[in-house]
Amino acid sequence: MTDSVSDVVIVGAGPYGLSTAAHLQNLGLGVRIIGTPMEYWATSMPEGMHLKSEPFASSLGAPQDGLRFTDRHPEWRLGQPIPLDTFVAYGRWFAEQAVPDVEAGQVVKVERGGPAGYETTLATGEVIASRTVVVAVGVGPFAHVPEELAGMPSWLVSHSGEHRDLSLFAGKEVAVVGAGQSALETAVLLADAGAHPHVIARRGEIDWNTVPKEHRTLGERLRQGPRSGLGTGYRTWLWAERPGVVRYLPERTRLRLVRETLPPAGSWWLRDRLDERVRVSAGRRLVKAAEQDDVIALTTVDRTGRRLVVEAEHVIAATGFVPEIERLKLLSPELRVRVDSRLGAPALSANFESSMPGLYFAGLAAAPTFGPVMRFVHGAGFAARRIARHIVHRTPTARAAARRPAPALEADPR
């Protein structure tokens, strides 16, 4: 039985959910956004972590001026890494200013049905009917663990997106699988916490991003290209600032862009911290994992075929996230089957709508359609604008609501 009806239900209160809610509410729509603001960032990322994105590229998307990260923190400059806690506090401040009615609940099921088209069931048992649902669940459900480690007990293997307090590993031998920022920073933070980390990387060597220059000469700007939310370069600027263009590229090209734009590498400011406390084995491919007494034995192979067995008390897979719709268990099985997909990810329209009318996907799930910027906070503004504009134009009641003046934001309480 349906308990309430809303124009839009947004599942998730991270950067993409909050940004979309801000745009929709600014247009006067009745929006229910379900989730604790910035919860995944606050509970599943390690203490001491810093963002890889630059301050100017770390803003949530708002329809009003004054809500960017650099508005909240004007002192932050290019090349100054943002601590995780600072970013979480910014996201929660954004929610207070632009989306004050976030509901700290949990969605357990989204399915077709009800008087409006969709029914969203909360953990409390409440069922919300709506014409539109926006799935903005972030990266958590898409955590990828390599097949060789899948099925191992959680006390031996975990994903890097499952840890807040790495001091639990103090004194332990911990293998970290991966070569990107997540793997390298996790290893450094493990060492800071008193653990003995060992990075196992398939790449032949560890790559590092270059130090950004705040001031460039005209010649450097012409040679290097414009600066964008994904880095420097002409094509990089296009993928970052015009993601709508990416959707029109061939599917194989889009997938290659997602895979190869900003490939695994460590931030320049982390390089000096990856010192002798961290053992690194590069150019090694994981082929087997076996539980042996109280440890896990990892068999790796280098490019010559030479095998090496590494033992550890725990393995952290810093192996990224794969946006497959089958991983979204909050969608009913019938709904998951009915959503058209490409290589497991939802196939989306130019407005982030799936093949099921009224069902939208924002964030990482949209990366195979709109490119690599959807892997980062920087893409939230574009996604929010597109989704809000489409919802307004496709629903008569939404168009009427959009003509009502939206309430003004309260002044910054600082």
Side-chain angles (χ1 to χ4, degrees), residues 5-35 60-64 98-99 107 110 112 114-120 128-138 239-249 254 323 325 328 331 335 338-342 345-371 373-374 377-406:
V5 179
S6 180
D7 289 331
V8 185
V9 171
I10 298 177
V11 184
Y16 280 81
L18 292 171
S19 299
T20 303
H23 279 266
L24 288 167
Q25 290 185 351
N26 186 65
L27 294 171
L29 274 69
V31 179
R32 298 278 298 272
I33 174 170
I34 313 299
L60 277 64
Q64 307 94 343
V99 195
V107 172
V110 176
R112 288 288 291 176
Y118 290 94
E119 289 188 336
T120 301
I128 308 169
S130 65
R131 184 189 299 269
T132 302
V133 174
V134 180
V135 179
V137 294
W239 315 146
E241 310 304 328
R242 298 293 184 270
V245 173
V246 177
R247 182 177 170 274
Y248 295 99
L249 298 174
R254 295 200 310 269
I325 195 166
L328 293 175
L331 299 182
L335 193 53
R338 294 178 67 182
V339 173
D340 288 347
S341 62
R342 299 289 186 274
L348 304 179
S349 74
N351 300 296
F352 291 79
E353 188 177 29
S354 71
S355 60
M356 295 298 294
L359 181 63
Y360 297 77
F361 291 86
L364 182 64
T369 301
F370 291 95
V373 75
M374 296 300 145
V377 174
H378 190 62
F382 175 84
R385 290 190 299 272
R386 279 285 179 97
I387 293 170
R389 185 189 313 153
H390 193 244
I391 290 174
V392 166
H393 286 127
R394 72 186 298 270
T395 309
T397 55
R399 290 200 299 269
R403 286 193 290 268
R404 297 195 299 265

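No experiment lies behind these values; they were computed from the predicted model shown.
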Separation of Phe352 CZ from Ile391 CD1 (nearest 0.5 Å): 11.5 Å
Distance (rounded to the nearest 0.5 Å) between Thr132 OG1 and Leu29 CG: 8.5 Å
Min side-chain heavy-atom separation Leu359-Val133 under 4.5 Å: yes
Any side-chain heavy-atom pair of Leu348 and Ser354 under 4.5 Å: yes
Distance, nearest 0.5 Å, that separates OG1 of Thr20 from CD1 of Ile387: 4.5 Å
Sequence neighbours excluded - salt bridge (charged side-chain N to carboxylate O under 4.0 Å, His left out) pairs with any residue from residues 21-32: Arg32-Glu103, Arg32-Glu126
Pro323 versus Ala365, closest heavy-atom pair with distance: CB-CA, 3.8 Å
Atom pair CD (Gln25) and CG (Leu27), whose distance is rounded to the nearest 0.5 Å: 10.5 Å
For the student: nearest non-hydrogen atoms of Leu335 and Val110, plus distance: CD2-O, 3.7 Å
Asn26 and Gln64, any side-chain heavy atoms less than 4.5 Å apart: yes
Residue pair Ala22 / Pro63: nearest heavy atoms and the distance that separates them: O-CG, 3.7 Å
OG-CG distance between Ser349 and Asp340, expressed to the nearest 0.5 angstrom: 12.0 Å
Smallest separation among heavy atoms of Leu249 and Arg254, with atom names: O-NH1, 2.9 Å
Which atom of Gly30 lies closest to which atom of Asp7, heavy atoms considered: N-OD2, 2.9 Å
Over all atoms of both residues, closest heavy-atom pair of Val99 and Leu18: CG2-O, 3.5 Å
Heavy-atom check, side chain of Phe361 versus side chain of Ile325, under 4.5 Å: yes
Side chain proximity check, Trp239 to Val373, heavy atoms < 4.5 angstrom: no
Validation row: His23, Arg389 side chains within 4.5 angstrom (heavy atoms): no
Any side-chain heavy-atom pair of Tyr118 and Arg112 under 4.5 Å: yes
Side-chain donor/acceptor of Arg131 to backbone N/O of Gly358, under 3.5 Å: no
